[in-house]
Student: 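Before anything else, here's the structure in question.
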Protein chains: 4
Amino acid sequence: MVDTTSENSASGHSESRADGNYGGGRPVAPTVSDLLAELVAEGLLSEPDSTRARLLTCAAGLFEQKGFARTTVRDIAAGVGILSGSIFHHFSSKEEILRCAMEEVTLHARALMAAAVAASDTPREQLRACIRCELEAIHGEAVPGFSILVLEWRSLSSESQARVLRLRDSYEEIWRKVFAALDGPLDDPALSRRLIQGAIAHTHNWFKPEGRALSLEKLSDRILAVFAPA
Amino acid sequence: MVDTTSENSASGHSESRADGNYGGGRPVAPTVSDLLAELVAEGLLSEPDSTRARLLTCAAGLFEQKGFARTTVRDIAAGVGILSGSIFHHFSSKEEILRCAMEEVTLHARALMAAAVAASDTPREQLRACIRCELEAIHGEAVPGFSILVLEWRSLSSESQARVLRLRDSYEEIWRKVFAALDGPLDDPALSRRLIQGAIAHTHNWFKPEGRALSLEKLSDRILAVFAPA
Amino acid sequence: MVDTTSENSASGHSESRADGNYGGGRPVAPTVSDLLAELVAEGLLSEPDSTRARLLTCAAGLFEQKGFARTTVRDIAAGVGILSGSIFHHFSSKEEILRCAMEEVTLHARALMAAAVAASDTPREQLRACIRCELEAIHGEAVPGFSILVLEWRSLSSESQARVLRLRDSYEEIWRKVFAALDGPLDDPALSRRLIQGAIAHTHNWFKPEGRALSLEKLSDRILAVFAPA
Amino acid sequence: MVDTTSENSASGHSESRADGNYGGGRPVAPTVSDLLAELVAEGLLSEPDSTRARLLTCAAGLFEQKGFARTTVRDIAAGVGILSGSIFHHFSSKEEILRCAMEEVTLHARALMAAAVAASDTPREQLRACIRCELEAIHGEAVPGFSILVLEWRSLSSESQARVLRLRDSYEEIWRKVFAALDGPLDDPALSRRLIQGAIAHTHNWFKPEGRALSLEKLSDRILAVFAPA
DNA sequence: TATGAATGAGTATTCATTCAT
DNA sequence: GATGAATGAATACTCATTCAT
């Protein structure tokens, strides 16, 4: 169970706008909380703490841990303290749960990354922020279940894949803009993005942040150094 | 159905030793066929064309396509023209099929990579060969089902994971040696290897070799350029 | 949705008593409307247009179309624009809905038949009226859902069957009286009634009134001719 | 559980061909056993006593008793002493069980009727034989579950209905021929058939053969008298 | 080795019914 | 009277695994 409200502040990128840019050149950066509240208002994200939101968070976690096929609807229901039959008041099928979980996770990660990019000064800092956010999405408590987007992609019907892809694209759009703004632009930003994405996604299999010599912070720097040498 | 013998020659790296190095300085590079035959002789690899080998190839392909959990024992049996009950004369459980498939795939890929490295002159050429081989394992017909090593790792019990890891390590050993021999050695070869591995594994999700501007050959060069700038 | 009031006049047999028998020998024939109003007053029939009446009409129609077991309480509720939970303010179980629907349908058909018989002169005309009414009950808009009495009899518990049977018997009483009054009485009126009942009920499976050579009128005559040859 | 072989002789119409027609004018009438054996040989009817045949007999009986929707797959399996999962080795869905049961029942009844008609001399006797057979199909042990053809018709998808209709038509063909051969032919044989069919089907609801004044034999005669007055 | 019928535990999903609001 | 979220038992169907032949 995750308190989505407190998560945001936990990510550390979005504290507030009290950064003295009242008279500054850079426009006011939106807070993560603002962005998320807006999504909830638009009906794109579930009301925090609602049964629906708790089901999705729980499901995303279980899918990540055990895989979609090995997670039963009963597991998910038990995770939020209801009975399995009741799930179908919220979702019409198990696959819909997966799709919705992916959508929520994507929107969540996008909000975090958008805020972090907006809070960064140079394009290179922005790229570092993107890398950092994606790493945190996978490893931190920021976006629990983020890796199902990669791990369980095959479990989605193609119609559902198409729906998620639309949101996914708006997430990638942020990366594209950041790449475009880089001073010495890379030859093939699309390729770079894909290599970075793979490299980051794979950290899920080996990187354990707790008490490691290599922090998430440093890992971000290494990845930045490889793909955008200073 | 795949003829594992003919595949090897199809990979194009290991044609023969008729490369004029009879009197040369570099020791004779072993053929893939030699390496594979040796593994069969040692009982580490199934006799090609045996029912067992055909089951494993078919299973690896199906697991890659549909995922382990969504592939039924019946599917696999049907794929080689026997009935589901008969599979249990060859393997004691579905999970054993997955483990054995992973082992075969690993040995296969290792043989291909060992031969390619042996046929390369400089360390940088050797690194290119490694990248190229891993890409081919994923995309070519060289090692069908190779990506299950990543995709279906969670479907394996931890005991089985341990067994596969041992073989896996002998595969990684080749990479380690190649990294160690690089002229301007990288700061953190282990990290580099993991980033490369992730980047390559992820190509499974987006790279379609047929009729693309970007060939496997070029893709290898790009990856090499990123991780080991000349 | 059916307006039960207007239906009655649609049946065409019971328009009014303006048939000149003010001074006649035959007693005044009661209107269908009169009979139904009386039933409502006695509390045997639901107030027309009440939620309860609309639920029963809708349920009868759905049970006829899809069968009792395949009709959900949600379907019925949706049919009258309320939610499924609300149904249980009107009926204590789904089976009660079926029983009540059968009762309403029986009373309705009885009123129509009683009026038609009362408006007929000779016993043979009265028999024709009975046949005609039962056919109309099944095929016309006169008594929507009438055939559930036969089709869904097995779906009723035996206690409910007993309750419906009492009403049903008052319906059959009309037939019995008509048979008894026939000039050349049949050998075995009870058997004849049952054969007629079966023959008429089965028309539900094959007779389609719209644009057929055989009208309901003619069909009535044929059945009359078979069972009571002139 | 019914022994289909002994049933046939129990029906009393098909005793043997030792009826002295060796030198007679009428061609040798085929035995029910012959007809059924032929159907089994053609693969249209299940091997008697096979699990499949026992499942279908049992299912037909249960569907007749409790209705298709209220009969569970477990009930059927339990009826023949296997577990519910095993049913799906024989049929791919519950609906397939219903369809196959209807087909078997139809073929069975057709064979009985064909033999009875062949064993009758005059057209009127043949009509009596048809009526008698259909009554026996419903009430006797001759064709257990026959009435599902009427009672559960709505439970079948339209594709399945179409398949059963083809067989059903070959059953009706016998009736058509008999009607056509009647001396004083009826005005509208198709209508007569439908009325008879309804009348007979409905006997399922009221006629109880055991220890009744009215025997099946006499009932047949009454029905014959009504529809084909001498 | 192969067969194929049977197992039996498990799965997602349905649905009448309840009840606090 | 109506809501709608929750219940919980029941359902058809799945599938890895067994085993007598």
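Order of the sequence lines fixes the chain letters, A, B, ..., with proteins taken first and strands second; residue numbering starts at 1 for each chain.
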Student: I need the single residue from C:Val40, C:Leu44, C:Leu36 that forms a side-chain contact (heavy atoms from CB on, under 4.5 Å) with C:Leu107. Which is it?
Tutor: C:Leu44

Student: Between B:Arg99 and B:Glu103, is the closest basic N to carboxylate O distance under 4.0 Å?
Tutor: yes

Student: Can you tell me if CZ on D:Arg70 sees more than 12 non-hydrogen neighbours from other groups inside 6.0 Å?
Tutor: yes

Student: Could you spell out the base pairing of DNA chain E as a dot-bracket line? Use Watson-Crick and G-U wobble contacts where both distances are under 3.5 Å, [ ] for crossing pairs, | for partners on a different strand.
Tutor: .||||||||||||||||||||

Student: Counting any heavy atom closer than 4.0 Å, what does C:Ile82 reach on the DNA or RNA strands: base, sugar-phosphate only, or nothing?
Tutor: sugar-phosphate

Student: For C:Thr106 and C:Met102, indicate whether the former's side chain and the latter's backbone hold a donor-acceptor pair under 3.5 Å.
Tutor: yes

Student: For E:dT11, take OP1 and OP2 only and decide whether either is under 4.0 Å from a side-chain N or O of A:Thr72.
Tutor: no

Student: Do D:Ser50 and D:Glu47 meet the criterion of a side-chain donor-acceptor pair at a distance under 3.5 Å?
Tutor: no

Student: Please list, in 5' to 3' order, the outermost nucleotides of DNA chain F lying under 4.0 Å from any heavy atom of chain B.
Tutor: F:dC15 to F:dT18

Student: Using atom types as modelled and distance alone, determine if a side-chain donor or acceptor of C:Glu104 lies under 3.5 Å from a backbone N or O of C:Thr57.
Tutor: no

Student: With nearest nucleotide decided by heavy atoms, which residue, A:Ser92 or D:Ser86, maps closer to the 5′ end of DNA chain E?
Tutor: D:Ser86

Student: If you pin C:His90 and B:Lys94 to their nearest nucleotides in DNA chain F, which one's is more 5'?
Tutor: C:His90

Student: What is the nucleic acid contact for C:Ser50, judged by heavy atoms within less than 4.0 Å: base, sugar-phosphate only, or nothing?
Tutor: nothing

Student: Want to settle it: does C:Arg70 or B:Thr51 sit nearer the 5' end of DNA chain E, counting the closest nucleotide to each?
Tutor: B:Thr51

Student: Considering only NZ, NE, NH1 and NH2 on the basic side and carboxylate oxygens on the acidic side, decide whether A:Glu64 and B:Arg154 come within less than 4.0 Å.
Tutor: no

